Amino acid sequence: MAGYDSQAIEAKWQRIWQEQHAFDAVNGDTSRPKYYLLEMLPYPSGTLHMGHMRNYTIGDAVARYKRMCGYNVLHPIGWDAFGLPAENAAIKRGIPPREWTNANIEQMKAVCRRFGFSYDWRREISTCEPEYYRWNQWFFLRMLERGLAYRKQSRVNWCPECKTVLANEQVIDGFCWQHENTPVESKEIEQWFLRITQYADALLDGIAELAGGWPDRVLVMQQNWIGKSRGARVRFAISGMTTSPIEVFTTRVDTVYGVSAVLLSASHAALPELLAGIPGSSGMEKQVKAMQSRSVKAADVATAEKEGFFTGRFALNPFSGERVPIWVANFVLAEYGTGAVMCVPAHDQRDFEFAKKYNLPVKVVIQPLHGGPLRADRMSEASTEYGRLVDSGQYTDLTSEQAIEKMAGDAAEGGFGKGETTYRLKDWGISRQRYWGTPIPVIYCKNDGIIGVPDNQLPVRLPEGAKLTGQGQSPLANVPEFVNTICPKCGGAAERETDTMDTFMDSSWYFYRYTDPHNDQAPFSKANAAYWFPIDQYIGGVEHAILHLIYSRFFCKVMNDMRLVDHREPVKRLFSQGMVLKDGVKMSKSKGNLVGAIEMADKYGCDTGRLYTLFAAPPEKDLEWSEQGIEGAARFLNRVYRLIEKHAGSVRGIAVDWNARIAFGDASAKEKLLIRKTHQTLKRVTNDFEGRWHFNTSIALVMELVNEIHAQEPLDQGVSPAILKQVLGITALMLYPMTPHIAEELWEMLGNPRTISQEKWPAYREDLTREEQIEVIIQINGRLRGKILVDEDLAEDETKEQAQGDARIAALIAGKKIVKVVVVPKKLVNIVLQ
RNA sequence: GCGGAAGUGGCGGAAUUGGCAGACGCGCCAGCCUUAGGAGCUGGUGGCCGAAAGGCCGUAGGGGUUCGAGUCCCUUCUUCCGCACCA
């Protein structure tokens with residue numbers, strides 16, 4: 001497409017900004033307010049696609065706006081460089097993970113530079129470098145000292161064919177991704193965990209602090225994820241056995257008289273003992289094994305057909321004394337509550353379905369407060385509402401709320417239970433049986449047991465050249481020079497931990513490193529973190545609403561306890577941007593629908609790409625990519641370029657005092673119109689930057705302004721060059737955060753000596769935005785019937801009078817009875833007729 | 001299954017507080033300009049009726065509140081995202 005020379009202009013201004021060090025953030029500068037603006041660090045998958053570009057374009061627009069507003073802006077970038085795809089590439093193509101990763105980083109960096117994002121490149125980090133990951137190890141050791149890191153048995157996906165642990169991503173509908181006929185099993189192994197549950201309440205409390213700055217939906221999701229619930233433990237003795245009773249956890253102890261069975265998870269500790277001596281128990285053990293060895297993916301578990309079997313044992317309901325069967329059920333989670341639940345079919349949907357399948361009785365014990373009485377024989381689904389208790393012994397007629405309290409108290413008194421608070425949140429398993437991650441800095445010694453690697457031996461370096469096959473145990477276990485070491489305590493032979501860390505460790509604190517990226521004494525200096533934190537604005541995809549953003553908050557709280565930082569929340573404001581879709585689905589490598597950023601920049605120029613991504617949808621919503629839409633963006637930039645190019649010559653030499661007061665009094669009608677439109681646009685664009693970030697409407701407004709300027713041609717008649725220069729100059733300034741290269745070029749063409757990067761954001765003037773008369777709409781019975789122009793300060797009853805006096809309105813209401821007239825000043829008159 | 005969102009023209013979207021539905025852009029139609037057009041300029045463009053003036057209908061479906069509802073309430077449906085080892 002013919003038009004302005006985007007390639008030359010973009011290269012030129014990128015060079016000039018670099019020479020000016022325009023985007024360098026200054027540590028500890030107290031002469032101006034600081035602003036820490038952060039976009040989520042990318043995984044270097046190879047191509048930077050439009051999803052990334054959208055994230056960075058939004059951030060860059062805000063960074064440039066904030067600099068113009070006088071802030072010392074920290075706007076860094078780095079690479080989340082460890083992870084599974086690098087390892088897969090190594091297995092598939094024989095390229096070492098480091099080589100693959102670094103090549104991708106170089107490629108993506110080039111794209112970032114090509115798009116002119118205003119990063120402080122001096123602070124770039126890459127998490128796979130020992131200078132970075134040694135501090136992952138350091139944090140792990142601090143947590144180990146504090147009892148926050150510990151080992152326990154836990155289930156992982158296991159492919160019997162590869163003989164290796166599978167990530168959830170590698171489990172496709174319960175089958176191995178490499179062997180589509182091999183069902184995935186699960187296997188229990190010993191792994192490292194971080195005690196995030198110890199911070200469950202702190203994480204919940206922090207949510208109040210974040211309200212207003214974070215999207216509500218993210219806070220709600222986090223709250224539900226932590227899932228604090230008040231409930232009760234109730235112990236059911238086992239009929240005919242002296243072994244310890246089965247403890248169930250329930251949030252609905254008020255339904256305990258409706259229990260039809262006790263359900264155990266297949267991994268329940270008491271199960272082997274219960275089954276011992278029961279006829280047919282060997283068949284049951286097989287079923288238990290089958291239930292245990294299935295994909296551990298939550299979605300797989302939750303959507304699986306409900307299955308179970310009767311153990312042959314019975315339990316005694318401590319409230320009613322009733323004997324109920326003990327079953328094993330596949331939908332009971334071993335990790336949540338006590339791994340056992342009471343089955344109340346009438347008042348829990350899962351129990352209802354289970355009871356229908358296996359013919360367990362349905363007993364109604366709660367009658368809802370509204371609607372007709374429930375009858376067990378007519379129910380087609382469970383009734384989970386609170387209500388009033390029936391058939392519940394001494395508790396009958398209490399409300400659910402009353403019963404929950406009283407029953408928990410009575411259970412405690414009777415020694416068969418107690419009220420309890422539980423969380424859905426689980427401890428964070430960080431062990432990965434993989435190569436391309438941070439080695440867990442632990443040594444196992446026969447004499448001294450589990451020992452953290454001493455700080456002065458950090459980093460524990462990841463050995464280069466480990467053999468990667470995608471089969472068998474952790475790759476590091478096959479590197480003897482890594483495994484075999486010396487015990488730091490006794491000096492005897494010892495072995496290193498061969499698992500690596502979850503990459504979420506890397507991304508849980510990386511934003512502190514940006515404040516002090518080259519520190520080799522500590523992860524960061526306290527002073528630098530204190531100056532820059534909390535992050536003023538974090539921008540990223542909503543897919544990170546839970547995991548990354550909870551882990552980061554957890555890290556911050558631990559760091560606060562360690563007195564590394566004084567704040568308890570790392571991120572003041574969060575913005576969740578929408579995804580980029582192509583043909584209705586998420587743009588991703590696996591779907592093969594990527595639009596390459598470089599190709600787009602070569603064809604249209606990066607400013608066009610930036611403009612389009614901001615214009616096509618508000619940033620929090622999903623964006624549907626359209627090739628035609630981008631041509632529209634290119635067209636607009638060309639139009640602005642031609643417009644300013646045409647008039648630059650006549651205004652270039654004019655000196656403009658940007659703060660001078662313009663008097664409407666001596667202005668021509670054309671000038672008034674242009675000045676008013678300019679300041680109206682500036683006001684609304686400023687408000688968009690300060691508020692909702694709806695850059696799509698900001699751009700629409702600038703488009704309208706440009707259309708209006710164009711409509712006022714010839715501009716050398718009736719418009720003074722000084723005013724024209726102001727109007728065109730403000731247009732360029734407004735475009736700068738979104739399309740910085742062309743904006744700088746236009747600004748220079750207009751004869752301004754300094755770059756926009758050195759300029760201030762122009763302040764709109766309220767008095768210049770006002771219209772002389774305002775339009776009031778007239779409705780009859782709520783339907784639009786006319787419009788009148790009135791003075792702004794017209795009184796309410798006069799507005800009413802003028803409206804009724806309008807010829808067309810008068811004709812419409814003649815002879816009808818007016819019931820009421822609603823007047824909204826400066827907006828509308830609604831005449832209600834009978 | 002649990003948790004979180006979203007449904008407005010042919011398309012992306014606009015309508016910050018309950019007050020002109022469809023700004024702006026894409027596409028399409030007509031005209032101008034041009035050697036040419038995948039360039040530029042001008043005008044039109046939700047549906048139905050009408051020559052026009054104008055009227056009626058219209059924001060996923062159904063119900064409600066209100067002088068007035070895309071916006072608030074109830075309900076149904078559909079789509080998308082997350083679910084702890086993808087990052």
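Chain identifiers are assigned alphabetically (A, B, ...) following the order of the sequence lines, protein sequences preceding nucleic acid strands; residue numbering begins at 1 within each chain. Being a predicted model, the structure only gives us computed values, none of them experimental.
Test Phe554(A), Tyr551(A), Tyr132(A) against Trp509(A) for ring pair (Phe, Tyr, Trp, His ring centres under 6.0 Å) and you get one pass: Tyr132(A).
Looking at heavy-atom distances under 4.0 Å, Pro618(A) makes contact with sugar-phosphate atoms alone, never a base. Using a 4.0 Å heavy-atom distance criterion, Glu775(A) is classed as a base contact. Across all strands shown, Val165(A) has heavy atoms under 4.0 Å from base atoms, whether or not it also approaches the sugar-phosphate. Residue contacts shown for Phe636(A) are absent, as no nucleic acid heavy atom lies under 4.0 Å away.
Only the P atoms considered, rA69(B) is 13 Å distant from rG64(B), to the nearest whole Å. rC56(B) and rG70(B) have their P atoms separated by 16 Å, with the value rounded to a whole Å. Spacing of C1' atoms, rU75(B) relative to rC81(B), comes out at 24 Å, to the nearest Å. Of the C1' atoms belonging to rA60(B) and rA5(B), the separation is 16 Å, rounded to the nearest Å.
Distance from the side chain of Arg432(A) is smallest for rC85(B) among the nucleotides rC85(B), rC86(B), rG38(B). Comparing rC24(B), rG4(B), rC86(B) by their nearest atom to the side chain of Ala700(A) picks out rC24(B). Listed candidates were rA87(B), rG13(B), rG25(B). Nearest to the side chain of Ala617(A) is rG13(B). Ranking rA87(B), rC85(B), rA14(B) by closeness to the Asp80(A) side chain, first place goes to rA87(B). With rG27(B), rG3(B), rG25(B) as the choices, the nucleotide that has an atom nearest any side-chain atom of Arg635(A) turns out to be rG27(B). When distances run from any side-chain atom of Lys426(A) to the nucleotides rA87(B), rG13(B), rA84(B), the shortest one goes to rA84(B). Nearest to the side-chain atoms of Lys621(A) among the listed nucleotides rA87(B), rG3(B), rA6(B) stands rA6(B). With distances taken from any side-chain atom of Leu547(A) to the nucleotides rG4(B), rA84(B), rC24(B), the minimum falls on rA84(B). With rA87(B), rC86(B), rC24(B) as the candidates, the nucleotide lying closest to the side chain of Tyr43(A) is rA87(B). Comparing rC86(B), rG7(B), rC85(B) by their closest approach to the side chain of Pro85(A) singles out rC86(B).
Between the OH atom of Tyr612(A) and the C1' atom of rC24(B) there is a distance of 14 Å, rounded to whole Å. The nearest whole Å value for the distance from the CD atom in Glu620(A) to the P atom in rA6(B) is 9 Å. As a whole-Å value, the separation of Ile546(A) CD1 from rG82(B) P is 11 Å.
Side-chain atoms of Met40(A) and Glu543(A), non-hydrogen and from C-beta on, never get closer than 4.5 Å to each other.
Checked against the 6.0 Å centroid criterion, the rings of Phe615(A) and Phe636(A) do not qualify as a close aromatic pair.
Base orientation of rG4(B): anti, the glycosidic angle falling outside 90° of 0.
Trp214(A) and Gln222(A) are not linked by any side-chain donor-acceptor pair at a separation below 3.5 angstrom, with hydrogens and angles left out of the test.
Although no hydrogens or angles enter the test, the distance criterion places a donor-acceptor pair under 3.5 Å between the side chain of Glu713(A) and the main chain of Leu715(A). With hydrogens and angles disregarded, a donor-acceptor distance shorter than 3.5 Å links the side chain of Asn638(A) to the backbone of Tyr4(A).
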